[in-house]
A.B. asks: 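Here you go, one structure.
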Amino acid sequence: MRGNLLAALLGLLVVLAAGKEDLGLQNFSLTQFSGMWYEIALASNLEHQSSSPQRKVGAVIVEQDGPHLSLTSVSDHMNLCMKEKNQAVKGDAPGKFKIPLESGGKEVIVVATDYKTYAIMNIILNRGGKPSSMLKLYSRTLEHNEKATEKFVEKAVEQGLSVSNVQLLTKDLTCVNLLS
């Protein structure tokens with residue numbers, strides 16, 4: 001009986017904690033989210049993502065541009081720095097954005113953020129009718145925040161990825177310097 005009560009209370013705490021996080025995204029603030037974010041970790045089971053163990057740090061600058069979101073990003077793609085400029089439109093939920101591309105487009109969903117130190121985003125690529133996704137951890141600084149990294153690993157596992165799919169990026173600023 002006592003064990004059932006403890007299990008019920010633990011379950012209630014988990015539901016309340018999950019509900020609190022969801023409420024944060026219900027009130028998603030684009031103004032607070034705007035600015036520079038460093039990509040410091042990723043989680044993916046895509047073969048080309050897991051085969052490059054020394055990926056460099058990337059970054060994205062998020063700016064509100066009227067009804068759109070302007071994104072300027074740099075990332076390490078198979079040891080080549082790629083710079084992209086995209087316009088995103090708000091999706092059908094708070095923290096969800098769509099980037100229309102000729103190759104099929106992508107969706108960006110802010111899974112969790114505290115606006116000040118970290119953001120976890122799920123990037124869904126729609127190419128050739130096959131959606132694939134990767135989870136990315138962004139930070140306002142280049143330092144790895146242990147609490148945010150733990151939360152990132154937790155979210156990755158929730159999405160069916162294993163801890164071995166999580167990759168911390170090296171503090172090589174070669175790609176990030178393309179933003180200046």
Side-chain angles (χ1 to χ4, degrees), residues 13-44 49 55-76 82-100 105-125 133-161 163 165-173 175-180:
L13 287 174
V14 169
V15 168
L16 289 173
K20 181 180 177 193
E21 184 174 30
D22 289 341
L23 285 176
L25 290 180
Q26 290 296 330
N27 299 319
F28 182 78
S29 170
L30 190 52
T31 304
Q32 286 182 293
F33 194 73
S34 295
M36 175 81 142
W37 290 96
Y38 294 98
E39 177 190 350
I40 61 170
L42 68 88
S44 172
Q49 297 296 338
R55 275 180 71 118
K56 300 171 189 76
V57 166
V60 63
I61 298 173
V62 179
E63 298 172 311
Q64 194 164 0
D65 187 12
H68 301 287
L69 197 61
S70 176
L71 305 170
T72 305
S73 63
V74 291
S75 61
D76 180 355
M82 305 291 286
K83 183 175 181 179
E84 292 182 286
K85 286 187 176 202
N86 293 301
Q87 291 287 318
V89 294
K90 289 182 182 178
D92 56 3
K96 188 174 185 178
F97 304 93
K98 295 183 181 202
I99 302 170
K106 48 176 142 167
E107 274 185 312
V108 177
I109 302 166
V110 180
V111 176
T113 187
D114 69 356
Y115 300 102
K116 296 175 191 153
T117 59
Y118 80 95
I120 300 171
M121 292 184 237
N122 187 14
I123 317 299
I124 302 166
L125 306 168
S133 69
M134 72 180 77
L135 212 56
K136 293 188 176 189
L137 174 61
Y138 289 88
S139 174
R140 293 289 189 184
T141 69
L142 289 167
E143 301 308 312
H144 288 279
N145 174 326
E146 190 173 320
K147 186 178 175 184
T149 303
E150 286 174 12
K151 187 172 201 73
F152 179 68
V153 170
E154 178 185 308
K155 291 292 183 186
V157 170
E158 282 175 17
Q159 295 207 5
L161 298 166
V163 175
N165 295 129
V166 174
Q167 187 177 48
L168 296 178
L169 306 182
T170 62
K171 289 185 185 177
D172 181 332
L173 299 178
C175 295
V176 173
N177 290 336
L178 293 175
L179 288 175
S180 35

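Note that the numbering runs from 1 along the sequence shown for the chain.
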A.B. asks: Taking side-chain contact (heavy atoms from CB on, under 4.5 Å) as the test, write out the residues that go with Glu158, two or more places apart.
C.D. replies: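 Residues passing side-chain contact (heavy atoms from CB on, under 4.5 Å) with Glu158: Glu154, Lys155.
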A.B. asks: To the nearest 0.5 Å, what is the distance between CE (Met121) and CG (Leu42)?
C.D. replies: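 Nearest 0.5 Å value for the CE-CG distance: 12.5 Å.
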A.B. asks: When the side chains of residues 136-143 are checked against the rest of the protein, which donor-acceptor pairs come out under 3.5 Å, sequence neighbours left out?
C.D. replies:
| unit_1 | atom_1 | unit_2 | atom_2 | d |
| --- | --- | --- | --- | --- |
| Ser139 | OG | Thr117 | O | 3.4 |
| Ser139 | OG | Thr141 | N | 3.2 |
| Ser139 | OG | Thr141 | O | 2.8 |
| Arg140 | NE | Tyr115 | O | 3.1 |
| Arg140 | NH1 | Ser34 | O | 3.3 |
| Arg140 | NH1 | Met36 | O | 3.2 |
| Arg140 | NH2 | Gln32 | O | 2.9 |
| Arg140 | NH2 | Phe33 | O | 3.4 |
| Arg140 | NH2 | Ser34 | O | 3.3 |
| Arg140 | NH2 | Tyr115 | O | 3.2 |
| Thr141 | OG1 | Glu143 | N | 3.3 |
| Glu143 | OE1 | Lys171 | NZ | 3.3 |

A.B. asks: Would you name the heavy atoms of Leu71 and Ala88 that are closest together and state the gap between them?
C.D. replies: CD1-CB, 4.1 Å
A.B. asks: With a 4.5 Å heavy-atom cut-off, do Glu39 and Val60 have their side chains touching?
C.D. replies: no
A.B. asks: How would you list, by chain and number, every residue that makes a side chain to side chain donor-acceptor pair (under 3.5 Å) with Lys56, sequence neighbours excluded?
C.D. replies: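 Lys56: side chain to side chain donor-acceptor pair (under 3.5 Å) contacts with Asn79.
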A.B. asks: Enter the distance from Phe28:CZ to Thr113:OG1 here, rounded to the nearest 0.5 Å.
C.D. replies: 7.0 Å
A.B. asks: Would you compute the distance between atom OG of Ser70 and atom NZ of Lys85 and round it to the nearest 0.5 angstrom?
C.D. replies: 7.5 Å
A.B. asks: In chain order, what residues pass the salt bridge (Lys or Arg N to Asp or Glu O under 4.0 Å) check against Glu63, with sequence neighbours excluded?
C.D. replies: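 Not a single residue meets the salt bridge (Lys or Arg N to Asp or Glu O under 4.0 Å) criterion with Glu63.
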A.B. asks: Which atom names give the shortest non-hydrogen contact between Ala119 and Trp37, and what distance separates them?
C.D. replies: N-CZ3, 3.7 Å
A.B. asks: Side chains of Met134 and Gln167: closer than 4.5 Å at any heavy-atom pair?
C.D. replies: no
A.B. asks: In Å and rounded to the nearest 0.5 Å, what is the CE to SG distance from Met82 to Cys175?
C.D. replies: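 With rounding to 0.5 Å, CE (Met82) is 10.0 Å from SG (Cys175).
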A.B. asks: Taking only residues two or more places apart in sequence or in another chain, which ones pass side chain to side chain donor-acceptor pair (under 3.5 Å) with Asp172?
C.D. replies: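 Side chain to side chain donor-acceptor pair (under 3.5 Å) check on Asp172 returns Thr174.
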A.B. asks: Could you measure the distance from the OG1 atom of Thr149 to the CD1 atom of Ile40? Nearest 0.5 Å is fine.
C.D. replies: 5.0 Å
A.B. asks: Can you measure from OG1 (Thr31) to CD (Gln64) and round to the nearest 0.5 angstrom?
C.D. replies: 5.5 Å
A.B. asks: In sequence, state the C-alpha distance, the side-chain angles, and the governing distance for Leu169 and Asp76, and then conclude on side chain to side chain contact (heavy atoms under 4.5 Å, CB included).
C.D. replies: CA-CA 10 Å; Leu169 306 182; Asp76 180 355; over 6 Å; no
A.B. asks: Please name the pair of heavy atoms, one in Val166 and one in Ala43, separated by the smallest distance, quoted to 0.1 Å.
C.D. replies: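 Of all heavy-atom pairs spanning Val166 and Ala43, the closest is CG2-CB, 3.9 Å.
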A.B. asks: Measuring only between side-chain heavy atoms, which start at C-beta, is Leu135 closer than 4.5 Å to Ile120?
C.D. replies: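 In short, these two side chains touch, coming nearer than 4.5 Å.
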A.B. asks: Please report, to 0.1 Å, the donor-acceptor pairs under 3.5 Å made by any side chain of residues 91-99, with sequence neighbours excluded.
C.D. replies:
| unit_1 | atom_1 | unit_2 | atom_2 | d |
| --- | --- | --- | --- | --- |
| Asp92 | OD1 | Lys96 | NZ | 3.2 |

